[in-house]
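Scope of the values below: all heavy atoms of this structure, side chains included, with no hydrogens, waters or symmetry mates. What you are looking at is a predicted structure, and each value in this text was computed from that prediction instead of being measured. Just so it is clear: chains get the letters A, B, ... in the order the sequence lines come, proteins before strands, and each one is counted from 1.
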Amino acid sequence: MPYNFKKTAQKPERFTGGHRMCAGCGAPVVVRTVLRALKTEDHAVVANATGCLEVSSSIYPYSAWKDSYIHSAFENAAATVSGAEAAYVSLKKQGKIPYDAKFIAFGGDGGTYDIGFQSLSGAMERGHDMVYVCYDNEAYMNTGIQRSSSTPKFADTTTSPAGSVIPGKLQYKKDLTKIMAAHGIPYVGQSAPMKNFRDLYEKSEKAIYTQGPAFLNVLAPCPRGWRYDTAIMMELIEIAVDTCVWPLYEVVNGEYHLSYKPKNKRPVEDWLKPQGRFKHMFIPQNRHLIDEFQAYVDKEWDNLLKLCGEK
Amino acid sequence: MLRQIDPDVVAAFPITPSTEVPQYFSQFVANGQVRTEFVAVESEHSAMSACIGAEAAGARTMTATSSQGLALMWEMLYIAASMRLPIVMTTVNRALSAPINIHNDHSDAMGARDSGWVQIYNENNQEAYDSLIMAIRVAEHADVQLPVMICYDGFITSHSVENIMLLEDDLVKSFVGEYKPQYSLLDKEHPVSMGMFDLPAFYFEHKRQQAEAIKNAKQVLIDVQNEFAKISGRQYGLFEEYKLDDADIAIVIANSTAGTAKDTVDMLREQGVKAGLLKIRLFRPFPADEIVKALSHVKAVAVMDKAEGFSAAGGPIFVDVRSAMYGKADGIKVINYIYGLGGRDVGVYDVKRVYDHLQTIADSGQIDNLYNYLGIRE
Ligand SMILES: Cc1ncc(C[n+]2csc(CCOP(=O)(O)OP(=O)(O)O)c2C)c(N)n1
Ligand code: SF4
Ligand SMILES: [Mg+2]
């Protein structure tokens, strides 16, 4: 069935309003879209790593989650949900669970690229029927905007501050999506909650309903950490995709497919300029930083095109 | 024993000397002898995390570890207990690094004594087998709902070949019963949120409830042990008293060295020395009043710890026993012995030296050395 935004938007919400995420935060938009891809009749078990999403959506005694939800720690959402999945397999075999259940973990970039990486890699390798969704806001936001291995080069964070000698973070962003693809799991997708949410919805549906482990890496802007005007979030996501800073693609059974190719690839300045975390790159003597950023994006994009057979 | 309990999920990671537990178990799974899902995790942190996920999803869940494995689980031990998940774990006691050492002492489990797990220490394989079966009932009891750790000595007990009395499969099955969790992540009709963010308005009350639960574990263990005696003929207590009734001097000790020490007691009794022994079984919750009562008539006690607490004020069992006696059994002289760290052998005559020391204290009414190390080269 072709994607119909109106129809999918009418499905009952599984992640409710009233949570305490900041206005203009990308994470709840990601969660809502992913959960919307569940069949209405399916039960979901959601595991969540410690982070902004967790502390803002499950403040006792209130929960924004209509499905079953478990948070246990920061670095182990994948292992935790893998245990729940193992319980399901065992109890289902024993005839104790008469319906289908789906297993989804949500972690921030810190809980996924960094401290939770081992747990994620282990769960994916073991082949549990689960989806791990990283909502990537490119820093440890919950503890006050510290750098993570997902933070892009030159970004100003509280532990990679832009000073008079050092221009923000010195390392490139870790390419986690490709690392997860290298696990040889059946489905990997890189997405963003964009336009009519079609890309993220369809990738979520595939990830959830592909037998075996799946990984989704989803860009989730954070107005506090990125320092952009909250009103432009949706536009900023489009810029990320159109500059090829955050390309949309999927890896299905090891095969790379490009999901979207911008007609006009925009310059990285369009992405950097609206964000306070890159402000120092725009003082005249730092022009070379922008050039380096552009060269890196170009090289990575070129690589991806080759992997996707587009070049 | 794991095969007989036939849990729904086991998540475990190999470490000497508990490696055989997941190894034998994978074989049972491979041979279709159990219905269990075995999760071969990539670390002990993930083992405990997966156990938490599985138990929260309503599965009877078990695991095993030792030493560094238990240390790596540390964060998740507290979370398992505080989320009130009745996971049962075998801790095959081994010394902690550094220096790395694969032999037995109790520093691993003693480091987890305040994590909110019920802890039961065991002298030999028979006791460990029996305790593991009973642990399921204690953990899952509505008044408890807490994880239980069954501790016994690495190599000395875990790799010893002893004849033990096994119960029939059906008997074990009916004794442990079917697991009926109150809440489950897999209950579609009643979705739950677990492990939530708790603010000062509720956190304190949640901790108070947890404290009550572990307090309840004592009576529940007594009841389960009485019921177990009926099917097995083996009656356990909160601790074991060996020739303690009329003893003048006594030691308090946990796990396998209690067996050695009983031989020492027999030897001394033959020589007319009124020696006795109290063997720790339930250590968390700590049966303070019962222990004080059992020791109330002796003149001098040595509490023996196979773990150095690094408090510079005595090992962990010593601290608990002495503080329990304070104000209730003040006349009694209590000393501490640290022994057997890293697997240092302790024989009948080593233990005799402790009793000899106690005799001098009992005779003189004076404690010369409060903190002692057994058989150390100083
Ligand atoms: C073991 C452990 N280390 C550190 C923390 C503190 N901590 C909580 S959330 C967090 C950062 C979360 O970052 P991320 O995963 O990117 O999620 P975000 O808050 O950005 O959404 C940190 C460092 C913790 N809770 N547990
Ligand atoms: S700090 Fe950022 S990630 Fe966290 S809730 Fe606010 S906007 Fe969202
Ligand atoms: Mg983050």
Side-chain angles (χ1 to χ4, degrees), chain A residues 14 20 41-48 50 54-94 96-101 103 105 116 118-123 125-126 128, chain B residues 6-11 13 34-61 63 75-76 78-80 82-83 85 87 178-181 183-199 201-203 206:
Chain A
R14 304 177 85 127
R20 313 279 180 86
E41 66 273 20
D42 281 351
H43 179 59
V45 174
V46 174
N48 194 185
T50 313
E54 171 264 331
V55 299
S56 315
S57 66
S58 66
I59 305 174
Y60 185 86
Y62 304 105
S63 177
W65 305 84
K66 291 216 168 150
D67 292 287
S68 288
Y69 171 89
I70 181 167
H71 158 260
S72 70
F74 185 18
E75 65 282 54
N76 64 350
T80 304
V81 88
S82 82
E85 191 260 0
Y88 172 69
V89 172
S90 176
L91 298 175
K92 185 114 181 160
K93 255 195 317 213
Q94 297 172 46
K96 291 180 180 168
I97 311 282
Y99 40 80
D100 288 337
F103 298 84
Q118 173 184 319
S119 163
L120 168 65
S121 179
E125 184 272 336
R126 291 193 298 275
H128 300 274
Chain B
D6 197 3
D8 301 310
V9 174
V10 169
F13 191 80
V34 286
R35 59 189 176 180
T36 312
E37 271 298 298
F38 179 69
V39 189
V41 282
E42 83 300 331
S43 72
E44 287 88 351
H45 193 285
S46 286
M48 191 43 65
S49 302
C51 285
I52 286 169
E55 190 73 54
R60 181 175 278 158
T61 305
T63 186
E75 181 192 29
M76 302 319 298
Y78 281 74
I79 292 173
S82 303
M83 288 175 77
L85 298 169
I87 299 160
E178 188 83 4
Y179 180 36
K180 294 193 194 75
Y183 303 103
S184 157
L185 294 172
L186 291 177
D187 185 350
K188 188 181 179 177
E189 307 311 319
H190 306 96
V192 280
S193 286
M194 299 191 191
M196 298 175 76
F197 189 59
D198 214 6
L199 294 167
F202 295 102
Y203 184 90
H206 286 145

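Within the 4.5 angstrom heavy-atom criterion, only side-chain atoms of A:I97, from C-beta onward, approach chain B. Using a 4.5 Å cut-off between heavy atoms, B:M76 contacts chain A through its side chain alone, with no backbone atom that close. Both the backbone and the side chain of A:I59 have a heavy atom closer than 4.5 Å to some heavy atom of chain B. For A:V81, no part lies near chain B; criterion is any non-hydrogen pair under 4.5 Å. When heavy atoms are compared at a cutoff of 4.5 Å, A:Y99 approaches chain B solely by way of its side chain, counted from C-beta outward. Using a 4.5 Å cut-off between heavy atoms, A:K66 contacts chain B through its backbone alone, with no side-chain atom that close. Contact of B:L199 with chain A is made through the side chain alone, with heavy-atom distances under 4.5 Å. For A:A101, the part sitting under 4.5 Å from any heavy atom of chain B is the side chain, from C-beta outward, and nothing else. For a residue to count as touching a neighbouring chain, one of its non-hydrogen atoms must lie under 4.5 Å from one of that chain's; by this rule B:L185 touches chain A with backbone and side chain alike. Residue B:A11 does not touch chain A at all, counting heavy-atom pairs closer than 4.5 Å. Looking at A:E125, there are no atoms closer than 4.5 Å to chain B (heavy atoms on both sides), in backbone or side chain. Heavy atoms closer than 4.5 Å to chain A are found nowhere in B:A80, neither backbone nor side chain.
For the atom pair B:H45 NE2 and A:Q118 CD, the distance stands at 9.0 Å (nearest 0.5 Å). With rounding to the nearest 0.5 Å, the separation of CD in B:E42 from OG in A:S119 is 5.5 Å. Once rounded to the nearest 0.5 Å, the distance linking NE2 of A:H128 with CD of B:E37 reads 9.0 Å. Separating the CG atom in A:L91 from the CZ atom in B:R35 is a distance of 8.5 Å, to the nearest 0.5 Å. If you take CD on B:E55 and CD1 on A:I70, they are separated by 10.5 Å, rounding to the nearest 0.5 Å. Taking CZ of B:F197 as the reference point, atom CZ of A:R20 lies at 10.0 Å (rounded to 0.5 Å).
For the options A:A86, A:A44, A:S56, heavy-atom pairs under 4.5 Å to chain B are most numerous at A:A86. Comparing A:Q94, A:E85, A:K93 by how many heavy-atom pairs each has under 4.5 Å with chain B, the most go to A:Q94. Taking chain A as the reference chain and counting heavy-atom pairs below 4.5 Å, the highest number among B:A47, B:A201, B:G195, B:S46 is found for B:G195. Top candidate by heavy-atom pairs under 4.5 Å with chain A, chosen from B:A56, B:A40, B:S82, is B:A40. In terms of heavy-atom pairs under 4.5 Å with chain A, the best-connected choice from B:R60, B:M48, B:E178 is B:E178. Interface remark: of the candidates A:A123, A:A78, A:S82, A:A73, A:A73 forms the most heavy-atom pairs closer than 4.5 Å to chain B.
Annotation: side-chain contact (heavy atoms from CB on, under 4.5 Å) contacts of B:F13 (sequence neighbours excluded): B:V41, B:E44.
Crowding of B:Y183 atom OH: a count of heavy atoms from other residues, nucleotides or ligands under 6.0 Å not exceeding 12. More than 12 heavy atoms of other shown residues, nucleotides or ligands fall within 6.0 angstrom of atom CZ in B:F202.
What you find for A:A87 and B:A57 is that their closest heavy atoms are CB-CB, 3.6 Å. Residue A:S68 comes nearest to B:P191 through the heavy atom pair OG-CA, 3.5 Å, listed as atom of the first residue, atom of the second, then distance.
Within the 3.5 Å criterion, the main-chain N or O of B:S193 finds no donor-acceptor partner in the side chain of A:H71.
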